[in-house]
Amino acid sequence: YPRVEEIADIFSPDPRCLNLIHYSTSDGPPDAATVCALQRFGGEHCHGFQFNGVYPEPSTLAALAGGHVVLQVRPDGREGRAASVLDRLRTTLDAIGDCEVHVLIDASGGRGMPIDSDIADAWAMTIRGHFGNDVGLGFAGGLDADGLPRIAHEVRTWGASIDAEGRLRDGDEGGTLNLDKARAYLRAAGEIMAPTAQERA
């Protein structure tokens, strides 16, 4: 969790990396000035934003053109019915313009609570049914090396990305990244995402 002034220093130039600023707040949506300022802090290797909880207003989204935008949805009671989530996504996607858009289905919200594979599958089907292949899909929620197998089928079915953080850390208040847990997670992810013999043929 770097200071804002040090964000650019953690972003790698490695072309395999997608470097995003995570924007999370319980306040109102970020305005264009805030988004532009954060882009400058992100530096040349910042590829875009992940918005957790609050999405930008449509008038702000023009500042994100050409980058990657991840929109988190939390399929639980606090998010409301699926219809309201879809309306919110549709309004944002209609205004987002020329960006690579991804929807992250995250029942955990960074709290390490495991995502249910049936819920992940149902939400992926709903989002793909409404938006087609115009958006990428991702799953998050209590993922680590031991938890990945329970979502492996959904990851492969939907061509989804996977997102892990909380269970790769030790301690309270965000904790410290445990490199052994991170390595184990990456090994498990590599096995799940490797093409099958049929896909290679």
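In what follows, residues are counted from 1 in the order of the sequence shown.
Shown here for Val54 and Asp27, the closest heavy-atom pair between the two residues is CG2-O, 3.4 Å. In this structure, Ala182 and Leu177 approach most closely via the heavy-atom pair CB-CD1, 4.5 Å. Minimum heavy-atom separation, Ala188 to Leu148: CB-CD1, 3.7 Å. A pairwise comparison of heavy atoms in Ile162 and Ala189 identifies CD1-CB, 3.7 Å as the closest pair. Contact record, Val69 with Cys99: CG2-SG, 4.1 Å, taken as the closest heavy-atom pair.
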Requested in this report: Show your reasoning for whether side chain to side chain contact (heavy atoms under 4.5 Å, CB included) applies to Glu44 and Phe11.
Outcome: CA-CA 9 Å; Glu44 62 177 318; Phe11 286 154; over 6 Å; no
Query raised in the report: When you look at Lys181 and Asp144, which way does the side chain to side chain contact (heavy atoms under 4.5 Å, CB included) test go after all the steps?
Result: CA-CA 7 Å; Lys181 292 180 180 179; Asp144 57 11; over 6 Å; no
Report task. Let me see the working for Ile119 and Phe139 under side chain to side chain contact (heavy atoms under 4.5 Å, CB included), right down to the final yes or no. Result -> CA-CA 10 Å; Ile119 292 176; Phe139 297 130; over 6 Å; no
Report task. Show your working on side chain to side chain contact (heavy atoms under 4.5 Å, CB included) between Thr92 and Val101 and close with a plain yes or no. Result -> CA-CA 10 Å; Thr92 304; Val101 181; over 6 Å; no
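Taken to the nearest 0.5 Å, the OG atom of Ser117 stands 8.0 Å off from the CZ atom of Arg150. With rounding to the nearest 0.5 Å, the separation of NE2 in His153 from CD1 in Ile192 is 12.5 Å. How far CD of Glu165 is from OH of Tyr185: 11.0 Å, rounded to the nearest 0.5 Å. Taking CG from Leu93 and CZ from Arg88, the interatomic distance works out to 11.5 Å, rounded to the nearest 0.5 Å. Atom CG of Asp134 and atom CD1 of Ile127 lie 13.0 Å apart (nearest 0.5 Å). The CZ atom of Arg74 sits 8.0 Å away from atom CG of Asn52, with the distance rounded to the nearest 0.5 Å.
No donor-acceptor pair closer than 3.5 Å links the side chain of His47 to the backbone N or O of Leu20. A donor-acceptor distance shorter than 3.5 angstrom exists from the side chain of Asn19 to the backbone of Ser12, with no hydrogens or angles considered. Under a 3.5 Å cut-off, the side chain of Tyr23 and the backbone N or O of Tyr55 do not form any donor-acceptor pair. Formation of a donor-acceptor pair under 3.5 Å by the Asp106 side chain with backbone atoms of Gln72 is not found in this model.
With sequence neighbours excluded, the residues forming a side chain to side chain donor-acceptor pair (under 3.5 Å) with His22 are Gln50, listed by chain and number.
Under a hydrophobic clustering in which Ile, Leu, Val, Met, Phe, Trp and Tyr are joined whenever their side-chain heavy atoms come within less than 4.5 Å, directly or via other members, Leu18 and Phe49 fall into different clusters. One hydrophobic cluster holds both Val35 and Leu71 under the rule that ILVMFWY side chains link at heavy-atom gaps under 4.5 Å. If you chain together hydrophobic residues whose side chains sit under 4.5 Å apart, Ile151 and Met193 fall into the same group. Leu104 and Val73 are assigned to two separate hydrophobic clusters, defined by single-linkage of ILVMFWY side chains at heavy-atom distances under 4.5 Å.
At least one side-chain heavy atom of Asn133 sits under 4.5 Å from a side-chain heavy atom of Arg128. Using a 4.5 Å heavy-atom cutoff, the side chains of Leu137 and Phe131 are not in contact. Under the 4.5 Å side-chain criterion, counting only non-hydrogen atoms from C-beta, Pro30 is in contact with Phe51.
His102 and His68 have parallel rings, their planes meeting at less than 30° on a 0 to 90° scale where 60° marks the start of perpendicular.
The pair Arg167-Asp146 fails the salt-bridge criterion, with no side-chain N (NZ, NE, NH1 or NH2) lying under 4.0 Å from an Asp/Glu carboxylate O.
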